[in-house]
Amino acid sequence: MTIKRSTWALPYMVFLILFVALPLVMITVYAFTDPGGGGISLKNFVKFANTAEDMHTFVYSIEIALITTVLCLLLGYPAAWILSRSDLNRSSVTVILFILPMWINMLVRTLATVALFDFLKLPLGEGALLFGMVYNFLPFMIYPIYNTLSKMDGSYVEAAQDLGAPPSKVFTKVVLPLSMPGVWSGVLMVFMPTISTFAVAELLTLNKVKLFGTTIQENINNGFWNYGSALALIMLVLIGITTMLTGEDNAREDETGGVI
Amino acid sequence: MADKDIIIKLEHLSKRYEGKEVLHDINLYIRKGEFLTLLGPSGCGKSTTLRLIAGFLQPDEGRVLLSGKDMTGIPPYRRPLNTVFQRYALFPHLDVYDNVAFGLKLQGLPEDKIDAKVRKALKMVTLTDYEDRDVESLSGGQQQRVAIARAIVNQPKVLLLDEPLAALDRKMRADMQIELRDMHKKLGITFIYVTHDQEEALTLSDTIVVMDEGRIQQIGTPADIYNEPVNSFVANFIGESNIFNGTMVKDRLVSFIGHDFPCVDSGFGEQTPVDVVVRPEDVVVDKDPSAGQFSGKVTSCIFKGVHYEMLLDTDSGNEIMIQNYLAFEPGTTVGMSIPPDGIQVMKKERLRNTFEGEISSPETVDFLGATFNVGHTPFEPGTKVRVEVEFSGVNLLDDLEAGELEGEVHSILYKGDHYHLTVCTPDGDKIYVDTDDVWDKGDLVGIEIAPKDIKIKEADDD
């Protein structure tokens, strides 16, 4: 007896429906449900617009995510470039060293960061939060950029030199534009998780700094399921928009090999 | 030759990769406006030479002079040269216009000048109206044209072309050859062209430089190279040819395939071993077997469009290829003769293998990185010696483990009744072998030499 290939996908489909599609539908339904009397309403969203504290947390979370992403990009691009140069990186050991932190659970790494800050007698707070975020998400920026750079055809660089471009122009006119798919992948991979993180923030700031993820978690924990769902949906939409925006610039990615 | 006519001069250029020499002492000058082709099989060093001129590589020894100026240490972006790359290397993030304008923008020319130049260059390669096209939407031939436009728009002193037509199909290649020739005439720029295609080289070039194994084999006009090859490699690589072992009996008389032939060559001495090249079209055929200098039996006859190409077994048991406008059926016996000017006599590059070796024990000698049994040797162990092995003294074996060392068949030359092979050892040494067996290029073989075939002589002091 032969089993059709599509049959093999069945368990996965069941998984998807149970743990991805169904929760999404439920979040949407809850978000548009009036917590008082049931029925469809926009009350949860109106409440969000009128709650200054939550609104502020939302904007602040975006700020932190943006700063983290920019810092990761500034640190990650040069690192990826150095890694991709075979003359600077003869073995792949250096690559592994950069990627290694990804193998360790994020909470363990964050707790270690807290311990480190305690040991060095540095205050926990916004600075620690940014440090922890960058430390946690830097590999996600390096890897896709490294991937694009190392797969880039060396003849593009030679062609640019041949046409009279000194090293700085080779970088700005050719290497950088051609590595953009990797950059966008990296931006997405850092921005998405940072905007919804809450455990890292709680641990590294002793709950002094509140991020949007924490707001959602608090509401759900305290039984405000409808309001919590609405907030989760807002964040989901934000991430969706980011993905679409970067996705457009990513159109050429198949060629140059990004990660997402 | 006045020095001002020379645009590029290569002086004693050598290049090594990981200890292996890929270019050996290349000396060459290129005249202004010349169409010069570097021709050779893959791995012969032609692309390396081009990359040294462009500045992508630095020579280990020697230097490149451009208009008399030493280019050592000058990076590629400050050399007045442009390259057309083998796989085009068009920038995928720019459209056709911006690709072509790339060099001009870097020079900081005003917009309107750039615009005029780009349009002129695109017109030259017949790609007007393609300005806004994405380069990846173009066909191979169109991409090739953009690559050429991108290079010539900068009006370089020298245009370097690295196998620019290799990726195109046959018909397109023929068209582009004509266009390149026209373009060269119109622009008056010096072209340095790299190819492994001898037909392309013969069609396009003013001067051909034939290269093999990192050395220049011959420099000359296409007609020189074709008619007067200096060695069996060039004869075999350019056009179809019959190559035989021969003996120069005396001036203007050479003996090969069992017969004596009058020829036009002299100065080789008497009874000197030589290589003899006969082009297939130079053999005169007569249907009367007794006419001519020798006879042969046709074994195959193929129509090639304009002429017939036939293989014959001669009365002395050699195989010869001839071309004629008339067809002779397989099985017929014909008479053949070769006019004196159809015979090209060449000095043999070597008569036997010679290696540097060292006696390792009273019965063995080390050379080529392996130990060979020689039965008995009068020399003390540790003595440096010269080892000589006849071409026919080397046995090639299917079983890699069975021989004293292994090697890879690097090139094959058919000599009418046997094959002359060049076999490379893992250390990069070369062994020359005469064999009746058929091997293919790239075959891995075991190498065996019988003790009686190893001749040991005292090492030369120098």
Side-chain angles (χ1 to χ4, degrees), chain A residues 73 77 80-81 84-91 144-145 147-187 245-259, chain B residues 47 50-51 53-57 74-95 98-109 114 118 121 134-137 143 146-164 167:
Chain A
L73 184 58
Y77 199 104
W81 187 78
S84 70
R85 295 283 303 265
S86 55
D87 46 337
L88 297 174
N89 177 39
R90 300 224 91 185
S91 66
I145 300 179
N147 217 9
T148 351
L149 285 177
S150 59
K151 279 184 196 156
M152 192 181 293
D153 191 341
S155 64
Y156 293 137
V157 172
E158 284 186 356
Q161 289 179 329
D162 186 75
L163 292 164
S168 62
K169 293 278 184 194
V170 172
F171 180 75
T172 55
K173 300 272 181 198
V174 175
V175 177
L176 188 60
L178 285 177
S179 63
M180 281 322 271
V183 170
W184 287 123
S185 288
V187 164
L245 285 180
T246 49
E248 257 167 48
D249 290 297
N250 249 340
R252 234 196 288 269
E253 187 185 346
D254 298 342
E255 290 269 321
T256 30
V259 152
Chain B
S47 284
L50 197 78
R51 292 170 64 75
I53 297 172
F56 298 131
L57 292 175
I74 308 272
Y77 59 89
R78 283 205 270 130
R79 300 191 182 195
L81 315 164
N82 284 114
T83 309
V84 177
F85 292 86
Q86 185 170 7
R87 283 183 297 121
Y88 320 137
L90 297 176
F91 303 122
H93 61 296
L94 301 177
D95 62 17
D98 284 331
N99 261 286
V100 178
F102 194 89
L104 300 173
K105 283 184 179 168
L106 285 168
Q107 291 169 26
L109 289 184
I114 292 179
V118 170
D134 190 349
V135 289
E136 280 169 352
S137 70
Q143 292 193 20
V146 177
I148 293 171
R150 184 176 70 173
I152 60 173
V153 77
N154 305 295
Q155 292 164 309
K157 285 189 176 168
V158 180
L159 187 67
L160 308 175
L161 302 108
D162 187 4
E163 307 231 13

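In what follows, chains are A, B, ... by sequence order, proteins preceding strands, each numbered from 1.
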Select one option (side chain, backbone, both, neither) describing which atoms of Asp162(A) are under 4.5 Å from chain B's heavy atoms. both
State whether the number of non-hydrogen atoms from other residues, nucleotides or ligands found under 6.0 Å of Lys105(B) atom NZ is greater than 12. yes
Counting heavy-atom pairs under 4.5 Å with chain A, the top scorer among Leu160(B), Leu90(B), Leu106(B) is Leu106(B)
If the condition is side-chain contact (heavy atoms from CB on, under 4.5 Å), which residues does Ile152(B) pass it with, not counting sequence neighbours? Met124(B), Ile148(B), Leu159(B), Met183(B), Leu187(B)
Taking Gly154(A), Pro166(A), Pro177(A), Ala160(A) one by one, which has the highest count of heavy-atom pairs under 4.5 Å against chain B? Pro166(A)
CZ on Arg150(B) to CG on Leu104(B), rounded to 0.5 Å: 12.0 Å
Please flag which part of Asn82(B) lies under 4.5 Å from any non-hydrogen atom of chain A: side chain, backbone, both or neither. both
Under a 3.5 Å threshold, yes or no: a donor from one side chain and an acceptor from the other, between Ser179(A) and Tyr77(A)? yes
